[in-house]
Every structure is written in structure tokens, then in C-alpha cells.
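Quick note: numbers below take in every heavy atom, side chains included, and nothing from hydrogens, waters or symmetry partners. It should be emphasised that the depicted structure is a prediction, and the values quoted were computed from it without experimental measurement. If you read the sequence from its start, that first residue is 1, and numbering goes on from there.
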Amino acid sequence: MAIILLGVASCKTDDVEEGSSEIPTEPVLIPDAAFGEYMVYNGTPGVYEQIEDNTVKYYLNPIEVASVSELLLSKTGSNIETLEQAGLVTADVKIADVSGLEYFIGLQHLVLTSNDVQELDVSKLIALEQLEINFNLIGQLDLSGNPDLTMLRYRASGNAGDEQLLSELDLSSNIQLRHLFLPDHNFETIDLSSNLQIDEMLDMSSNPGPDGDPETGDIVVPAAIYNQLEEGTRLGVVSDAQVEPTVILSAEPSAFSENEGTATLTATLNTAVSQDVTISLSFAGTATRDTDYTVENTTLVIPAGEVSISTEITAVQDTDEEGNETIEIATSDIQNAIPDNERSLVLTIEDDDQSVPLVLNEILYDPSNNDLDGDANGDGQYAQNEDEFIELYNNSSEPLDASGFRVYDTDALKSDTPRHIVPEGTVIPAHGVLLIFGGGTPVGDFGGTLVQTSSTGDLNFNNAADMLTIQDASGKVIINFDIEPLSGNPNESYTRNPDINGDFARHSSVNDLLFSPGTKVDGTPFN
């Protein structure tokens with residue numbers, strides 16, 4: 001079977017005036033060699049290479065490239081294979097910087113599929129009609145300067161962090177849009193009231209939607225769009241004519257410290273309504289309002305035309321060793337909408353007066369899938385379930401007997417089947433660490449810490465919507481860690497910075513390491 005690599009087609013456009021005062025006459029350096037070499041390979045008019053000091057550099061002629069109508073620069077596996085066969089030095093290097101693209105002012109079709117672009121400015125591409133940027137890392141997109149756009153395809157990359165996903169997009173200037181494909185982003189809502197021409201494709205699947213669950217397709221769109229699409233071409237959406245205004249409660253984080261920790265409680269409508277929506281809240285659970293926590297507002301009002309309102313819940317510090325306590329939140333009365341009875345909201349106040357001085361210092365629930373970059377247990381091979389780990393620090397001057405301690409993820413806690421039971425005789429030294437991997441055969445010193453592998457062969461952490469729970473031998477919860485606020489496929493660990501007492505941060509934001517199992521964040525031993 002022949003492998004077809006999409007190339008570059010060029011044409012003159014009537015509305016591009018060569019020699020315009022806005023177009024430089026001098027050659028422009030292309031800083032990204034992968035971008036430049038690909039265009040040279042494709043024979044893009046006005047793009048050329050030049051040897052300078054034994055180094056290949058790439059340039060473009062702004063006047064010539066202004067007439068190019070199509071750039072197809074996909075780096076899918078099959079295209080990379082073709083580029084390798086053609087001998088391109090940057091065949092398997094993803095394009096990250098598209099500086100110079102702004103001079104392609106006559107461009108009508110742009111494909112950048114499967115690259116590592118984080119910033120994309122298409123404001124100068126006023127003739128753009130089709131934009132395909134699947135599997136990139138672009139967290140913000142401005143299409144206000146592209147009134148002729150008819151197609152937008154942007155499936156989020158599995159390697160993208162939260163900041164590299166779209167959560168909002170203004171399409172009010174793109175009234176010619178007919179094809180919109182935005183799976184796997186962070187959209188809760190999207191305004192398509194100006195885009196009633198969409199009749200080819202509308203895919204918002206695997207977005208959280210108003211209920212926060214990417215598995216449910218509940219992003220509300222105008223009936224005029226919904227009705228003119230075939231069933232298989234409208235995904236992740238519902239018609240506003242079929243939706244009853246529903247209030248959905250959510251909170252972030254779902255677990256917070258007794259030491260004046262806070263959670264933001266949000267009431268969200270699945271669709272905007274023309275009247276104010278008033279929501280009265282009720283509170284239950286093992287925690288007592290105004291004793292264990294306070295609520296900024298117990299009645300919330302979503303103004304007409306808006307879709308959400310938030311309030312703060314703040315824990316009240318005490319010195320009682322009472323264990324973690326729960327807050328159960330529901331709606332007691334709603335005006336001009338109905339409650340979402342399928343979801344219950346339970347928050348956890350983490351007791352900081354616990355007698356077990358165990359601290360979760362680092363957690364890796366999403367190892368890098370770039371081969372040995374993800375080999376946290378050091379056994380020479382990457383395995384998602386085996387390289388996950390938790391690093392538990394004994395924050396006391398006395399040894400801690402951890403025999404019988406149990407480790408759960410959300411599913412395991414529901415079924416009371418621990419992912420790991422700490423073996424009898426396990427004693428964590430004073431200011432020492434217990435390191436638990438998902439599996440494999442850990443190889444290395446790991447700072448001289450105690451090293452174990454999950455007794456079930458899998459810690460089974462999800463990259464989102466999961467909770468780590470650790471109980472002592474009596475069943476008392478001593479650690480809860482909510483993965484949801486730190487989700488988004490980080491491909492690295494989250495570590496406290498500074499160690500032991502600091503807030504959790506992505507490891508690469510502290511130094512150039514992706515993880516540091518058994519050691520401090522800088523790789524040095526704890527003691």
C-alpha cells in the first residue's frame with residue numbers, strides 16, 4: 001500500500017496584493033527547523049534553505065508565501081515514516097514554533113495535526129477557511145479575524161495539561177462555520193448562537209459539560225443546529241429545545257484541610273434561562289455547619305442569561321482529634337429550574353489533629369508514556385500501572401509501625417478491596433519514607449527508603465476523577481488525596497514544594513526531573 005503524504009498546493013489569490021506596504025521585502029528567518037524543512041520538502045513557494053556556518057537555516061520570502069493557499073504539515077505516524085524515507089533530518093521532530101505563519105496571508109487551508117504547537121496566531125490569515133490542529137497543545141485560540149472559516153478540527157492531545165486544553169472559545173465572528181470538531185477539551189458550555197450554519201459536523205464529545213462528567217454528552221446547543229445534523233454527526237451535545245433547566249452542584253477541591261482550608265462550591269445551569277434562578281442549599285454529614293465549617297452564602301442566585309454562581313466553604317480549625325469529617329450538600333429549594341437528582345455532592349474536611357504523622361509527599365499517577373521517561377521504578381522498562389508510586393513520609397521523631405495500613409483508589413474503596421496492604425513488620429524510621437510502586441521490580445537506591453510494590457500489582461490511579469485514600473490498621477482514614485484538581489494528563493509526578501509542608505506542584509515546575517521517588521524534590525535523601 002502506498003503511503004500518501006499531504007503536501008503543499010499553492011495558488012494566487014485575487015485579494016492578495018504583492019508588494020503591499022505591510023509585507024516585508026527582506027527574507028524572514030524561520031526559527032523552527034522542523035517547520036522550515038517540512039515546507040521545503042513540500043516545495044512551498046517562497047520557502048528555502050540556506051547553509052550558514054555549516055548549519056542549515058530556513059527562510060521565507062514574505063511576498064511569495066502570501067499567495068500560498070494550503071499548508072499541510074501533519075506529523076502522524078505514517079507521515080513521519082514518509083519523511084524519514086525521504087531523508088529529512090527533522091522527520092520525527094514535532095513542530096513547536098510556527099513563527100512566520102503570519103506572512104501566509106492568502107492561506108485558506110492549514111493542517112498542523114500531531115505536532116507540539118502551544119501558541120497559534122491566525123489573526124493575519126483573513127482568508128482562512130479550514131483549520132485542522134488535532135493533537136496539539138494550544139490552550140487559547142482567537143478566531144475573531146477569520147470570518148470565512150467553515151471548518152475547525154481540534155481534538156485535544158492526550159499529553160496536554162489543563163492549561164493546554166480549551167475551556168472557552170468565541171465563535172461569534174465565524175458565522176460561516178459548518179464543521180466544528182472539539183473532543184477531549186474542558187468545555188462546560190459553548191455559545192453557538194451565531195453559528196447556525198453548522199450542518200456537517202458538531203462533535204463536543206468527552207468534554208465535561210455542565211455536569212462535569214466527560215462521559216455524558218450534555219453540552220447544550222441551539223435546536224436549529226441540532227436538528228439539521230444527522231445523528232452520527234452530533235456528538236456530546238443536546239438540543240436546547242429538549243433540555244429542562246437543571247442545577248448541578250460541584251466543588252473544588254472535594255477534600256480540604258481543617259486548618260482553614262477552603263473549597264469553592266459552584267451551582268451550574270445546563271442552559272441559560274431568561275429569569276433569575278434562586279437556589280437554597282441544605283447541609284448534612286458528620287461535620288457541623290458553623291462549628292466545623294462556614295458557608296459564605298447558603299442561598300445562591302444565578303442571574304438571567306448566566307449559567308453559574310459560586311460561594312466559598314471554609315473549614316474551622318480546632319484541636320480535637322475527630323478524624324476526617326464529611327459535608328453533604330444538596331438543594332432544598334430551586335426557583336425557575338430543577339435539581340440534578342442523579343449527583344450527590346460530598347466534601348471531606350481533613351482532620352489535622354491526627355495521631356498518625358504520615359504525609360503524602362509525592363504521587364505519580366500518570367507516568368510519561370515517552371519510553372524510559374516514565375520508568376520511575378528503574379527496572380528498565382515503562383509500564384503505566386507499574387511505574388505509578390506514592391511517597392509517604394513519617395513526619396515525626398519516632399519510628400512508625402505501618403503494618404496493615406491499606407491503600408485505595410476510588411473504585412477499591414467502594415468495594416473495600418485495597419490496592420495495597422502494607423506487610424506486617426513494616427516500620428518507617430523517624431523522618432523516613434515508605435515508597436510504594438504499582439508493580440515491577442524496582443531497581444535503585446531511592447534515597448535509602450523502604451520500597452514496596454502493590455500487593456495487587458496495580459495502584460490503579462486514574463488521571464482524573466480519582467481519590468487516593470490511606471487507612472491505618474484500624475480502618476481510620478489518615479490520608480485523602482483528590483486527584484481531580486491536579487488532573488489533565490501531567491506525564492510526571494506531583495510533589496510537595498518545599499518537601500513535607502509545601503503545596504503540591506508539577507515536578508518539572510521545580511526542576512528538570514519528572515519525579516524523585518524516595519528522595520526530596522532535589523534528589524537528596526530525607527535523612
When you check the side-chain N and O atoms of H431 and S396, is any donor under 3.5 Å from an acceptor?
no

Will you find, in the side chains of H179 and R153, an N or O donor that is under 3.5 Å from an N or O acceptor?
yes

If a pair satisfies ring-ring contact (aromatic ring centres under 6.0 Å, His included) and one of its residues is in residues 367-393, list it, with sequence neighbours excluded.
F389-F437, Y393-F526

Is NZ or CZ of R155 both nearer than 6.0 Å to the six-membered ring centre of F181 and within 45° of the ring axis?
no

Does a donor on one side chain sit under 3.5 Å from an acceptor on the other, for S172 and D170?
yes

L192 and side chain to side chain contact (heavy atoms under 4.5 Å, CB included): which single residue from V220, D240, L180, V237 fits?
L180

Is it true that Q452 and T426 share a donor-acceptor pair across their side chains at a distance under 3.5 Å?
yes

R419 and D409 ion-paired at < 4.0 Å
yes

Between S454 and T456: side-chain donor-acceptor atoms closer than 3.5 Å:
yes

Give a yes-or-no answer on whether the side chains of T266 and S310 include a donor-acceptor pair shorter than 3.5 Å.
yes

We want to know whether S368 and E492 form a side-chain donor-acceptor pair, criterion being a heavy-atom distance below 3.5 angstrom.
no

Contacts of F504 that satisfy ring-ring contact (aromatic ring centres under 6.0 Å, His included) - sequence neighbours left out:
F481

Under the ring-ring contact (aromatic ring centres under 6.0 Å, His included) rule, what do H420 and Y408 come out as? Steps first, then yes or no, please.
CA-CA 7 Å; H420 179 62; Y408 300 84; over 10 Å; no

What residue pairs, at least two apart or across chains, pass side-chain hydrogen bond (donor to acceptor under 3.5 Å, both in side chains) with a residue in residues 281-290?
T286-T326

Distance alone, cut at 3.5 Å: any donor-acceptor contact between the side chains of D340 and T246?
no

Taking atom types as modelled, find out whether T417 and S415 have a side-chain donor-acceptor pair closer than 3.5 angstrom.
yes

Between N134 and T113, is any side-chain donor less than 3.5 angstrom from a side-chain acceptor?
no

Between V359 and R496 the two heavy atoms that sit nearest each other are CG1-NE, 3.6 Å

Does a side chain donor of either E362 or S493 reach within less than 3.5 Å of an acceptor in the other side chain?
yes

Side chain Q228, main chain L196, donor-acceptor under 3.5 Å
yes

